[in-house]
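To start, the structure under review is shown below, and the notes come after it.
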Amino acid sequence: MNNKKVLVTGGLGFIGSHTVVALQQEGFEVVIIDNLSNSSIDVLGGITQISGKTPEFENIDLREKSAVKDFFEKYPDIENVIHFAASKAVGESVINPLLYYENNLSTLVYLLHELNNREKANFIFSSSCTVYGQADELPITENAPVKQAESPYGNTKQIGEEIIRDTCKVNQALKAISLRYFNPIGAHHSGEIGELPIGTPQNLVPFITQTAIGKRSELSVYGDDYPTRDGTAIRDYIHVMDLAEAHVSALKRLLSENENQNYEVFNLGTGNGNTVLEVIKSFEKVSEKNLAYKIVGRREGDITAAYADTNKANDHLNWKAKRSLDEALDSAWKWQKLVEKKEEDQD
Ligand code: WQD
């Protein structure tokens with residue numbers, strides 16, 4: 001087995017591609033599986049520009065059980081898997097739940113089936129703070145109760161964690177970590193990779209940068225009647241490179257062999273909460289642009305506030321987010337300007 005080789009599913013996606021770069025920079029050899037349903041093959045070039053190394057790439061749809069089996073026969077030495085590939089649009093999941101249960105859960109089961117046949121395996125799962133819903137206490141620790149999911153998307157993260165936990169219970173050769181992301185934003189400082197939302201962005205920061213670049217006329221702020229310091233909702237915005245580096249730390253923990261637990265959960269956030277208006281203010285500062293926005297009604301399913309208690313990750317992953325909100329928004333803005341320039345050059 002080659003413990004420096006890592007399969008990254010969804011490795012051409014937003015968080016996946018940044019994690020591939022972080023893995024390569026730590027000397028890991030990466031194989032990417034991606035079906036390009038929510039990413040572009042151009043991202044492979046961006047990764048190579050940054051690291052100088054082109055990961056092996058397999059265009060596979062993990063919903064095809066036979067294709068997953070064939071992959072692991074082709075790569076018998078892979079024992080490390082970081083699993084990002086999944087659908088992640090909360091609103092879409094409400095409209096099309098079966099797409100989410102198939103794409104986010106069947107694929108997970110097929111991957112775990114193949115790992116069960118390995119003499120040992122390390123598995124990292126992309127989960128989300130959405131499993132907490134509106135937590136009763138802030139900051140949110142990993143012991144906070146998992147609440148009734150607000151969406152099929154959130155439900156697939158909860159069920160996914162349980163599938164992994166139950167599998168680890170019966171397969172001592174499998175060690176796994178679920179990472180509950182708070183709000184990933186920003187882009188690698190090089191501007192070579194970043195977030196590529198397809199269609200109208202659902203998330204705050206890409207909508208902000210597309211408004212600032214002129215692609216959107218104005219940002220709608222979903223509600224200013226929350227019980228917060230300025231009435232807008234609070235989230236824990238974490239730079240995507242901090243998040244990427246946390247995956248490398250988690251993999252090193254699994255490889256370290258000195259843990260008696262074979263399943264753990266970690267929150268990945270900065271530990272700080274910012275309101276929507278504070279994010280807008282920070283963006284206006286770093287971009288030196290006035291952002292056009294209007295206050296509208298709350299968005300269905302949104303919670304008032306969420307930010308992480310990061311002590312467990314700080315202590316056990318030997319990891320702490322180190323990039324500021326300003327730095328994350330500055331990198332997002334740099335990326336948006338480069339995307340715009342590429343689109344203009346192509347026209
Ligand atoms: C952040 C804040 C909005 C857009 C979701 C998922 C989570 C993860 C990240 C996948 C909220 C406000 C947003 C806009 C706004 N997804 N907002 N105008 O909802 O916290 O988390 O995305 O991995 O699992 O739950 O992120 O960026 O959509 O919203 O005012 O146009 O910005 O109301 O308060 P969210 P978000």
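Atoms within a ligand are numbered from 1 in the order they appear, just like the ligands themselves. As a basis for the values below, the full set of heavy atoms in this structure was taken, side chains included, without hydrogen atoms, waters or symmetry mates.
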Exercise. For ligand 1, which atoms, with element, lie under 4.0 Å from some heavy atom of V276?
Worked result: 12 (C), 32 (O), 34 (O)

Problem set entry | Nearest neighbour of atom 6 (C) of ligand 1 from the list I303, I295, V90, D236, on a heavy-atom basis | V90

For this session: Considering heavy atoms of the protein only, find what lies nearest to atom 27 (O) of ligand 1 and give residue, atom and distance to 0.1 Å.
Result: L204 N, 2.8 Å

Problem set entry | Heavy-atom nearest neighbour in the protein, as seen from atom 20 (O) of ligand 1, with distance rounded to 0.1 Å | R235 NE, 2.6 Å

Problem set entry | Closest protein heavy atom to atom 34 (O) of ligand 1, given as residue, atom name and distance to 0.1 Å | A233 CB, 3.3 Å

Exercise. Do E73 and K69 sit within salt-bridge range, that is, some charged N less than 4.0 Å from a carboxylate O?
Worked result: yes

For this session: Check whether NZ of the Lys or CZ of the Arg K215 lies under 6.0 Å from the centre of the six-membered ring of F207 and within 45 degrees of that ring's axis.
Result: no

Exercise. Are any of the side-chain nitrogens in K4 or E29 under 4.0 Å away from the carboxylate oxygens of its partner?
Worked result: no

For this session: Looking only at protein heavy atoms, identify the closest one to atom 18 (N) of ligand 1 and say how far it is in Å.
Result: S220 O, 2.8 Å

For this session: Pull out every atom of ligand 1 sitting under 4.0 Å from any heavy atom of V221, numbered as shown with elements.
Result: 30 (O)

Exercise. Between H247 and F84, is the gap from one ring center to the other below 6.0 Å?
Worked result: yes

Exercise. Nearest to atom 9 (C) of ligand 1, what protein heavy atom do you find, and at what distance?
Worked result: N203 ND2, 3.9 Å

Exercise. Would you call D302 and R299 a salt bridge, taking side-chain N to carboxylate O under 4.0 Å as the test?
Worked result: yes

Seminar exercise, completed: So the atoms of ligand 1 within less than 4.0 Å of a heavy atom of D302 turn out to be 3 (C), 33 (O)

Exercise. Looking only at protein heavy atoms, which one is nearest to atom 29 (O) of ligand 1, and how far off is it?
Worked result: R299 NH2, 3.4 Å

For this session: May I ask you to identify, for R298, whether its side chain, its backbone, both or neither come under 4.0 Å of ligand 1 on a heavy-atom basis?
Result: neither

For this session: Please determine if K294 and E218 form a salt bridge, counting it only when a charged side-chain N lies under 4.0 Å from a carboxylate O.
Result: yes

Exercise. Heavy atoms, side chains only, cut-off 4.5 Å: are V146 and R180 in contact?
Worked result: yes

Seminar exercise, completed: The protein heavy atom nearest to atom 14 (C) of ligand 1 is Y222 CE1, 3.3 Å

Exercise. Looking at D242 and K322, does any basic side-chain N land under 4.0 Å from a carboxylate oxygen?
Worked result: no

Problem set entry | Protein heavy-atom partner closest to atom 21 (O) of ligand 1 - residue, atom, separation in Å | N183 ND2, 3.7 Å

Problem set entry | Short N-O contact, E56 and K74, less than 4.0 angstrom | no

Problem set entry | Whether F14 lies under 4.0 Å from ligand 1, heavy atom | no

For this session: Of the side chain and backbone of L219, name the one, both, or neither that has a heavy atom under 4.0 Å from an atom of ligand 1.
Result: side chain

Exercise. Relative to atom 24 (O) of ligand 1, which among S128, G223, P184, C129 owns the nearest non-hydrogen atom?
Worked result: S128

For this session: Determine, considering heavy atoms only, which of E218, R180, Q202 sits nearest to atom 4 (C) of ligand 1.
Result: Q202

For this session: Could you tell me whether R229 and E278 make a salt bridge, using a distance below 4.0 angstrom between a side-chain N and a carboxylate O?
Result: yes

Exercise. Hey, is R253 close enough to E264 for a salt bridge, meaning N to O under 4.0 Å?
Worked result: yes

Problem set entry | ligand 1 contact by Y181, heavy-atom criterion under 4.0 angstrom | no

